[in-house]
Amino acid sequence: MYRFPWVLLLVAAVNMAVAAEPLRPGFYSETCPPAEFIVRDVMKKAMIREPRSLASVMRLQFHDCFVNGCDGSLLLDDTADMVGEKQALSNINSLRSFEVVDEIKEALEDACPSTVSCADILVLAARDAVALSGGPDWEVRLGRTDSLTASQQDSDNIMPSPRADATSLINLFAQFNLSVKDLVALSGSHSIGKARCFSIMFRLYNQSGSGKPDPAIEPEFREKLNQLCPLGVDENVTGPLDATPRVFDNQFFKDLVGGRGFLNSDQTLFTSRRTGPYVRVFSKDQDEFFKAFVEGMLKMGELQVEQPGEIRINCRVVNGRPVDVLMSY
């Protein structure tokens, strides 16, 4: 086990709201020294068990931080009086690997009760997912608290559709003071993982209501997609987001240059005048992509909204609420 007995002296009452502090590296160096080791250790075990879980866990930070800041609200299960973000259009039947976060939280609670927030777990786990997949490693700033509620409507109003084009994505990121370069670099998170046929059926068979495929798709790649996602297929069938879906590298951008982007919202980054130059740079220079990606992740991780918070004991439920009232997933 990871338990460190002296930590028990530092635990505050779990039902009290935690005062917000500036985010900083080493936030848990005194209250939970093994925190970052524990997160990475659980992520390594998850990778061995199911390699795809790394990409799935990384995505959770994106879907959490854009909706009312990085506050762990995405992790809350529905209750009798709250429909949370897991039911949002961009999340339902799409986000997965919540059980990995549960495993991380359980290990941290064993070592350092009521100390490490679920919001910080998402940021740490996303970093580790990238590093364990061959991508860059970096020092994260910590000290977030967990929200007391979640909102499906807020997520529906913010998170983009797979049909989004570069202009709408640029406008969305600008709302969070994220630049065009940040947008392209962070889209490189699709260097690992898979997506559902549901997200591309319109590209293959009815782009812009034309009844025809997206002309931006390279012909041989389109044939492969047609075989993966024929009309009438179970649209939960998944395909890789780039040619090396288990390795975090710049292949994603090479694929976009070659017309082999899986999602419309990805391919449009190459065809757009404002984003295309960054796609070309990243396709040729992996180090430049890694540097820009880390900068973007740090900026995204700073997104916060002033609101009451706490350190949840169970990431799926606010403290003091019986777990058995929750909907199961």
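The structure presented is a predicted model; accordingly, all values stated were derived computationally and were not measured. Just so you know, residue 1 is the first one in the sequence shown, and it goes up from there.
No donor-acceptor pair closer than 3.5 Å links the side chain of Ser208 to the backbone N or O of Ser210. Within the 3.5 Å criterion, the main-chain N or O of Leu74 finds a donor-acceptor partner in the side chain of Asp64. Here the side chain of Gln286 pairs no donor or acceptor atom with the backbone of Asp249 at under 3.5 angstrom. Ser29 contributes a side-chain N or O that, together with a main-chain N or O of Gly26, makes up a donor-acceptor pair within less than 3.5 Å. In this structure, the side chain of Asp242 does not engage the main chain of Gly261 through any donor-acceptor pair within 3.5 Å. In this structure a side-chain-to-backbone donor-acceptor pair under 3.5 Å is missing from Glu288 to Val281. Side-chain atoms of Asn264 come within 3.5 Å of backbone atoms of Arg163 as a donor-acceptor pair (strictly under, hydrogens ignored). Under a 3.5 Å cut-off, the side chain of Asp154 and the backbone N or O of Val67 do not form any donor-acceptor pair. At distances below 3.5 Å, at least one donor-acceptor pair connects side-chain atoms of Glu218 with backbone N or O atoms of Phe221. With Glu109 contributing its side chain and Ser114 its backbone, the two residues share a donor-acceptor pair below 3.5 Å.
Shown here are the side chain to side chain contact (heavy atoms under 4.5 Å, CB included) partners of Leu89, two or more places apart in sequence or in another chain: Asp156.
Between Lys45 and Asp41 there is a salt bridge, with a side-chain nitrogen of the basic residue lying less than 4.0 Å from a carboxylate oxygen of the acidic one. Taking the charged nitrogens against the carboxylate oxygens, Arg127 and Glu36 do have a contact shorter than 4.0 Å, which makes a salt bridge. Taking the charged nitrogens against the carboxylate oxygens, Glu50 and Arg96 do have a contact shorter than 4.0 Å, which makes a salt bridge. Ion pair Arg24/Glu139 not flagged as a salt bridge, since none of the NZ, NE, NH1 or NH2 atoms sits closer than 4.0 Å to an Asp/Glu carboxylate oxygen. Taking 4.0 Å as the cut-off between side-chain N and carboxylate O, Arg144 and Asp71 do not count as a salt-bridged pair. Ion pairing between Asp77 and Lys86 holds under the 4.0 Å rule for side-chain N and carboxylate O.
Nearest heavy atoms, Gly211 versus Asn206: N-OD1, 2.7 Å. What you find for Lys105 and Val116 is that their closest heavy atoms are NZ-O, 2.7 Å.
Each of Tyr278, Phe270, Phe282 was scored for a ring-ring contact (aromatic ring centres under 6.0 Å, His included) with Phe253, with one residue passing: Phe282. Just one residue in the list Val257, Thr275, Asp285 forms a side-chain contact (heavy atoms from CB on, under 4.5 Å) with Arg280, and that residue is Val257. For the side-chain contact (heavy atoms from CB on, under 4.5 Å) with Asp146, the lone residue among Pro308, Ser73, Ser117 that qualifies is Ser117.
Rounding to the nearest 0.5 Å gives a distance of 7.5 Å between CG of Leu148 and CD of Gln307. One distance of note links CZ of Arg49 with OG of Ser97; it measures 8.5 Å at 0.5 Å rounding.
Checking Thr167 against Asp165 by side-chain atom types alone, no donor-acceptor pair falls below 3.5 Å. Side-chain atoms of Ser179 and Asp182 include a donor-acceptor pair closer than 3.5 Å. Side-chain atoms of Arg196 and Asn236 include a donor-acceptor pair closer than 3.5 Å.
By the criterion of side-chain heavy atoms lying less than 4.5 angstrom apart, applied directly or through intervening Ile, Leu, Val, Met, Phe, Trp or Tyr residues, Leu263 is not grouped with Ile158; the two fall into different hydrophobic clusters. There is a path of hydrophobic side-chain contacts, each under 4.5 Å, that joins Val237 to Leu204. Leu183 and Leu241 end up in different hydrophobic clusters when Ile, Leu, Val, Met, Phe, Trp and Tyr side chains are linked at under 4.5 Å. The hydrophobic cluster containing Phe252 does not contain Leu225, counting ILVMFWY residues as joined when their side-chain heavy atoms lie under 4.5 angstrom apart, directly or transitively. Val305 and Leu303 are not part of a single hydrophobic cluster, where members link through side-chain heavy atoms under 4.5 Å apart.
Atom CD of Glu106 has 12 or fewer heavy atoms from other residues, nucleotides or ligands within 6.0 Å. Other residues, nucleotides and ligands contribute at most 12 non-hydrogen atoms within 6.0 Å of the CZ atom of Phe198. Atom CD of Glu235 is surrounded by more than 12 heavy atoms from other residues, nucleotides or ligands within 6.0 Å.
Taking 4.5 Å as the limit, some side-chain heavy atom of Gln61 sits within range of a side-chain heavy atom of Met297. Side-chain contact between Ile192 and Arg246: absent, with no pair of heavy atoms (C-beta onward) separated by less than 4.5 Å. Lys291 places none of its side-chain heavy atoms less than 4.5 Å from the side chain of Asp287. Residues Cys32 and Pro34 are in side-chain contact: their nearest non-hydrogen atoms beyond the backbone lie under 4.5 Å apart. Counting heavy atoms from C-beta outward, Pro33 and Tyr28 have side chains that stay 4.5 Å or more apart.
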Determine whether Phe173 and Phe66 satisfy the following criterion, ring pair (Phe, Tyr, Trp, His ring centres under 6.0 Å), listing intermediate values before the conclusion. CA-CA 9 Å; Phe173 274 60; Phe66 276 100; 5.2 Å; yes
Test ring pair (Phe, Tyr, Trp, His ring centres under 6.0 Å) on Phe248 and Phe289; report intermediate values, then the result. CA-CA 11 Å; Phe248 194 96; Phe289 161 49; 5.5 Å; yes
Can Arg141 and Glu302 be said to form a salt bridge (Lys or Arg N to Asp or Glu O under 4.0 Å), step by step? CA-CA 8 Å; Arg141 295 189 279 267; Glu302 299 283 347; 2.4 Å; yes
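Each salt bridge (charged side-chain N to carboxylate O under 4.0 Å, His left out) pair with one or both residues in residues 254-269, not counting sequence neighbours, appears once here: Asp255-Arg260.
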